[in-house]
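This report concerns only the one structure given below.
Both counts, for ligands and for their atoms, begin at 1 and track the order of listing. These numbers come from the heavy atoms of this one structure, side chains and all, not from hydrogens, waters or symmetry mates.
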Amino acid sequence: MLSFPRNFLWGAATAAQQVEGQNFNSDWAAWEQLPHKIKNNDSSRVACDWWNGAWRDDFERAQHLGLNAQRIGVEWARLEPRQGEWNAQAAAQYREMIAGLRARGMEPFVTLHHFTSPQWVAERGGFENADSASWLARFAERAAHEFGDLINFWITLNEPNVYAYQCYLNGVWLAQKKDLRAMLRVMKNEIRTHAAMYHAVKRVNAHAQVGYAHHWRVFEPRKSKASLDRLMAGLRNRVFNMAIFTAIQEGVLELPLGFNQTLPEARGTQDFLGVNYYYQEYTAFDLKNAAEVFARSVYDDDVKRLQNFFEGVGNLRPHALRDVLLRLAKYKKPIYITENGFVTTDRDDQTRYLVTHLTAVHQALQQGADVRGYFWWSLLDNFEWSEGYTPRFGLYHTDFETQARTLKQVGEVYEKIVRANGIDDELMEKYGRT
Ligand code: IFM
C-alpha cells in the first residue's frame with residue numbers, strides 16, 4: 001500500500017465558466033459567439049448548469065466520493081458586471097455554494113480569475129492594460145470581505161502562462177494576437193496583478209493562504225543529441241515555466257521579461273505552490289515557426305506514447321510530475337496539485353494516468369516534497385474552452401442533453417484511493433505500470 005500523509009487533501013477542480021452556465025457578462029461568453037471559435041459550435045451557455053442549482057447534487061457526488069476538498073471559481077464578470085457595481089445576488093449564491101462545500105466536509109479552494117474577465121475589462125484592453133492590477137486587487141479585496149470567513153485557500157490567477165500564450169502568442173483565444181511583445185507585456189501585468197491581489201486578500205485576512213495555479217510543462221528535446229532541440233527545450237522552459245514563477249517567487253524579472261529588474265512587491269507572494277500538471281512535451285527547433293519563437297511541439301508516432309492532449313490519448317510520463325515536485329521542494333512551501341488530469345476514450349488509460357501520477361506524487365513525498373493535496377481535473381466533464389464539450393476529463397460523465405451524471409471508472413478508482421488514503425496493491429498491480 002502506498003499511503004499518503006494524514007490530513008492529505010483529496011479534491012477535484014472546476015472553474016466558473018466551465019461549469020456554471022449563464023455567465024453572459026464575461027469576455028469569453030461574448031467571444032465564443034463569433035463563428036468557428038468553438039469546436040462543433042458548442043457554447044458555455046448551459047455547461048453543467050451549476051448556476052441553476054446543479055452544483056448541489058454535484059457537491060453531494062463529490063462528498064460521496066469521500067473528497068475532503070474542492071476547487072471552484074467565483075466569477076468576476078458576475079460579481080462586478082460593470083466597473084464598481086457589485087452584484088449582491090451573485091455574491092449570495094457564491095456564499096451559499098462555498099458554505100455548501102464546508103457543510104459537506106470539503107475544504108474550498110477558491111479561484112478568483114480563471115481565464116475570464118468582465119466585458120468592461122476586455123473593452124479596456126484586459127491584461128494589456130496596466131490597470132488590470134488595480135481592478136483585480138479591488139475585486140480580490142471585495143471577495144475577501146464577502147467570503148473570507150469561509151475560505152482558507154485562495155487562488156488569485158489560474159495558469160497566467162497558458163492565458164498569455166493562448167491569447168497573445170498562439171492567437172487562439174479572446175484577444176487572438178500573435179505578438180510576442182504583447183505576450184510579455186501581459187505576463188508582466190499578470191505578475192503585478194497577482195501580487196496586488198495577494199496583498200489585497202492578506203490585508204483583509206492575514207491568515208489566509210494565498211497562491212496561484214501555475215501550469216508546469218516539462219519540455220524535452222525531440223532528439224536528445226540535437227543541440228538546437230536542446231536549446232529550444234531550455235528556452236521554452238525559461239519562458240513558459242520560469243518567467244512568471246521566478247518573478248513571483250524571487251521578485252525578479254529575468255529575461256525575456258526584463259534584465260533582472262527587481263519587483264519587490266511580487267517577491268514571496270505565494271503561501272503555497274499551486275501546481276497544474278498534465279504532460280511532458282517534446283520540442284524541436286523549427287526555423288519556420290516564428291510565432292512559437294522557433295520551437296515546435298512534436299506530436300507524432302515516432303515519439304512513443306506522445307500524442308495530442310485533446311485527441312484521445314495523452315502522454316504517460318508520470319516521472320515528469322515527480323520531477324516538477326522535486327524541483328519545487330527547494331522553495332520549502334506547501335505544495336498543492338491544483339490540477340492534474342487526462343482525456344482519453346480508453347477508460348483504462350485514464351485510470352492508469354491517475355494511478356501512475358499519484359504514484360509519482362507519492363515518490364516525491366518520500367523524497368521530501370511537501371505535497372499536501374491533490375485535485376483531479378475535473379469533478380465532471382465540462383466545457384473545455386475552444387474544444388467545447390469533446391474532451392472529457394471528469395470523474396463523472398456528463399450527458400449535456402439531459403444533465404445526467406454517471407460515475408466513470410476513473411471516479412470509482414479515485415474514490416477507492418481517497419477512502420484508503422493510499423493506493424493498494426491490487427490497484428498498483430492493475431494500473432500502476434506505464
Ligand atoms: O480545462 C482546463 C483548465 O481550465 C485549465 N487547466 C487545463 C484544463 C484542461 O485543459
Within the distance-only criterion (no hydrogens, no angle test), does the side chain of [X] pair as donor or acceptor with the backbone N or O of [Y] below 3.5 angstrom?
{"X": "Asn129", "Y": "Phe127", "answer": "no"}
{"X": "Ser378", "Y": "Gly394", "answer": "no"}
{"X": "Asn421", "Y": "Phe4", "answer": "yes"}

For atom 9 (C) of ligand 1, which candidate among Glu384, Gln17, Glu339 holds the nearest heavy atom?
Glu384

Between His215 and ligand 1, which part of the residue brings a heavy atom under 4.0 Å of the ligand: side chain, backbone, both or neither?
neither

Any atoms of ligand 1 less than 4.0 Å from a non-hydrogen atom of His114? List them with their elements.
3 (C), 4 (O), 5 (C)

Within the 4.0 Å heavy-atom shell around Phe393, which atoms of ligand 1 are there?
9 (C), 10 (O)

Between Arg56 and Asp58, does any NZ, NE, NH1 or NH2 come within less than 4.0 Å of an OD or OE carboxylate oxygen?
no

Name the one of Leu184, Val252, Leu263, Thr246 that satisfies side-chain contact (heavy atoms from CB on, under 4.5 Å) with Leu257?
Leu184

contact_flag Asn158 ligand 1 heavy-atom lt 4.0 Å:
yes

